[in-house]
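Proteins come first, then strands; the chains are lettered A, B, ... in the order of their sequence lines, and each starts at number 1.
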Amino acid sequence: MLTLEGVVTGAGAFRLAADLRVEAPGLVAVIGPSGAGKSTLLDVIAGFRPASEGRILWHGQDLTPLGPGDRPVATLFQDNNLFPHLTLAGNLDLALRPRGGRLTDEARARRDAALARMGLDGLGDRKPGAVSGGQQSRAALARALLQARPILLLDEPFAALGPALRAEMLEETRRVVSETGALALLVTHDPADAHRVAPRTILVSEGRAAAPRDTEALFADPPDALRAYLGD
Amino acid sequence: MARRPLALIAGGLVAALTLVPVAAVLWRAGGPATFAAGDGQALRFTLWQAAVSAAVSVALAVPVARALARRAFPGRAVLVTLLGAPFILPVIVAVLGLIAVFGNAGILNRGLEALGLPGVTVYGAHGVILAHVFFNLPLATRMILQGWLAIPGERLRLAAALGLGPWQVVRVVEWPMLRRVAPQAAAVIFVICLSSFAVALTLGGGPRATTVELAIYQAMRFEFDLGRAAMLACLQLALAMAAGLAALALSGAAGMGAGLDRTVPRHDAQRAGARFVDTIAIGAAAVFLLTPLALVGGNGAAGLFDLDAPVWRAAGRSVTVALASTALCLLWALPLATRRGEVAGLPGIAVSPLVLGTGLFILARPYVNPVALALPVTAIVNALMALPFALRILRPEAEAVRADYGRLAAALGLSGRVWLIRVFLPRLRRPLGFAAGLTAALSMGDLGVIALFADPERATLPLQVYRLMASYRMEAAQGAALVLLALSLGLFWVFDRGGRVNADA
């Protein structure tokens with residue numbers, strides 16, 4: 001269970017408040033108008049942005065004082081998910097040995113398995129620039145798989161992909177989440193994404209992140225803010 | 001990630017290495033009591049030659065920049081690139097080239113003699129200015145060319161649509177740009193010429209052509225008058241600081257120079273007269289800048305056979321000093337590659353090498369023979385002098401790497417060491433190679449602080465060239481100068497190339 005206990009964050013005129021609990025595991029969509037604070041919500045959970053008030057708890061453990069690398073969180077950003085000068089395998093290795101040191105044979109086997117699992121067999125020694133956008137996304141997902149952190153944050157990582165590829169990656173993500181038993185928060189601006197893969201949805205609007213609701217129920221009877229966003 | 005303690009140490013070292021020698025100089029200075037008659041003259045000459053050099057450089061640069069801005073011709077890109085070369089050209093090499101053209105036995109005097117005309121001399125105040133123009137005309141041209149290329153094409157199109165004549169275009173479009181850019185270029189050149197040492201040492205001298213820097217050297221070297229040297233060092237420091245601050249205030253938001261490889265489409269420049277003027281401007285500038293270097297190349301190749309063991313030993317010492325300076329400069333620059341760090345590195349530009357050298361001399365004298373420290377001090381001072389340039393190159397790229405990948409690194413929990421080795425340094429390869437190349441070339445060609453200390457056993461190659469020149473062994477001097485030029489450009493090429501090969505975008 002991920003708990004945001006009276007969390008407030010913000011800079012200048014911008015402010016986001018969140019007081020909610022999310023049951024793990026499962027895939028939860030985060031939806032709302034642009035500028036409402038969807039990415040901010042993820043940033044505060046990942047530790048990139050301090051909470052000026054409140055606490056963030058994971059199964060009762062207070063995450064607030066921990067740095068981004070020490071939280072049980074893996075993140076897929078909008079861009080720059082891979083270091084372009086390292087091979088795909090090198091990128092994955094970095095996640096296994098963030099403090100340096102040699103990779104054991106067992107770790108190497110795990111890395112190769114993660115690549116194979118994402119359909120990147122034999123592409124391990126290519127650099128990101130030498131593979132397609134979809135394969136880059138797969139490599140980033142493979143790394144998240146390898147990190148095996150219980151919380152996965154996805155900040156529109158597939159936004160640059162075409163519709164078919166994006167649907168494919170969302171499906172892949174859904175499978176990874178259900179296999180690993182993680183809790184995943186998926187930021188999206190497309191209600192169809194939420195319908196497709198996320199049984200629950202958090203609505204972020206007017207400076208507030210609402211508690212997750214059943215996706216179908218939410219869209220069947222949208223609150224005013226969501227209705228305005230959807231435009232009907 | 002950003003290693004704050006390291007940045008503080010690096011910044012502290014810059015401050016200590018600039019301030020402590022200056023403090024030592026101040027403490028040792030006797031005050032105005034030791035202000036001799038010649039010193040006032042040195043001050044006046046310093047200001048005068050800097051002002052004239054700046055004015056002439058800028059005045060000559062305007063037609064050249066204008067021609068380069070509106071003409072496309074084969075070799076233009078090469079010429080624009082060459083305009084950046086004086087930065088890494090050793091001063092002593094250029095001086096030898098100018099002597100080969102304008103010297104007593106130079107091609108100009110031989111031509112005048114053949115025509116039965118009286119000869120000219122390259123030594124003295126006008127020789128100093130000639131050399132300064134040689135070095136700064138390209139800089140001024142690049143800065144003003146930048147200004148020309150920054151004029152929005154729409155404005156020129158509008159001028160053409162309105163049918164404005166050439167003078168109207170100058171008045172409405174070009175003059176406002178020049179009024180802004182030309183003073184900036186002049187200010188930068190003025191500051192550079194204020195601390196002119198090697199040029200004044202080789203072409204100037206005497207009561208009528210001695211800069212303050214040269215006077216410091218003479219007080220140290222010939223009169224052993226530390227008090228006077230210290231007083232002059234304070235004077236030089238005040239000069240450089242005042243002029244540097246003034247130039248900074250003038251500079252505004254002048255960029256470093258991207259995109260010089262395009263011409264502005266001009267609708268008013270197609271007349272024969274304009275073509276003629278532009279051809280003359282570009283041709284004259286190319287002849288003025290390239291002839292001296294071609295002569296060093298030609299004469300130097302003959303002189304290569306005259307080179308003796310001391311020259312090669314000096315070359316070895318120079319390469320060692322250059323590599324040490326480069327390593328030191330990069331070690332310094334990496335933790336300082338932030339906005340604040342760039343400011344911390346700036347003293348390197350304001351404090352003169354001779355002042356630093358004098359200060360370190362005063363500090364070291366009670367404990368060791370300063371001569372023994374000649375090479376290490378040279379390496380340190382050269383690193384310090386190159387630091388502002390290295391930071392200018394590295395800082396934007398370093399900030400981009402941190403902005404693009406800092407969050408990913410934090411999310412993965414990378415340790416500082418892994419971040420540095422696996423991400424930060426590999427991502428910075430290109431600018432690191434470029435900065436290293438500049439530093440190595442600058443250090444290789446430097447003839448400054450080394451002249452203060454060195455004995456023949458510790459001479460660097462530029463100093464050795466100067467010695468050969470001063471003892472009228474011109475063939476050997478030109479041969480050694482060619483070696484120096486090849487080593488400077490070679491070091492630059494190796495480092496710059498090393499940063500590019502196999503670098504990923």
Any side-chain heavy-atom pair from Asn80(A) and Asp404(B) closer than 4.5 angstrom?
yes
Applying side-chain hydrogen bond (donor to acceptor under 3.5 Å, both in side chains), can you list everything that pairs with Ser132(A), at least two apart in sequence or on another chain?
Gln135(A)
Members of residues 173-183 of chain A whose heavy atoms come closer than 4.5 Å to chain B:
none
Closest non-hydrogen atom pair, Pro98(A) against Gly413(B):
CB-O, 3.4 Å
Looking at CG of Asn91(A) and CG of Leu408(B), how far apart are the two atoms once the value is rounded to the nearest 0.5 Å?
7.5 Å
Taking only heavy atoms into account, what residues of residues 36-63 of chain A are found under 4.5 Å from chain B?
Asp43(A), Phe48(A)
Atom pair CH2 (Trp419(B)) and CZ (Phe83(A)), whose distance is rounded to the nearest 0.5 Å:
6.0 Å
Residues from residues 140-158 of chain A approaching chain B under 4.5 Å (heavy atoms)
Arg143(A), Gln147(A), Arg149(A)
Going from CZ on Arg417(B) to CZ on Arg99(A), what distance comes out if it is rounded to the nearest 0.5 angstrom?
10.0 Å
Quick check: closest heavy atoms across Leu412(B) and Ala95(A), and the distance to 0.1 Å?
CD2-CB, 4.0 Å
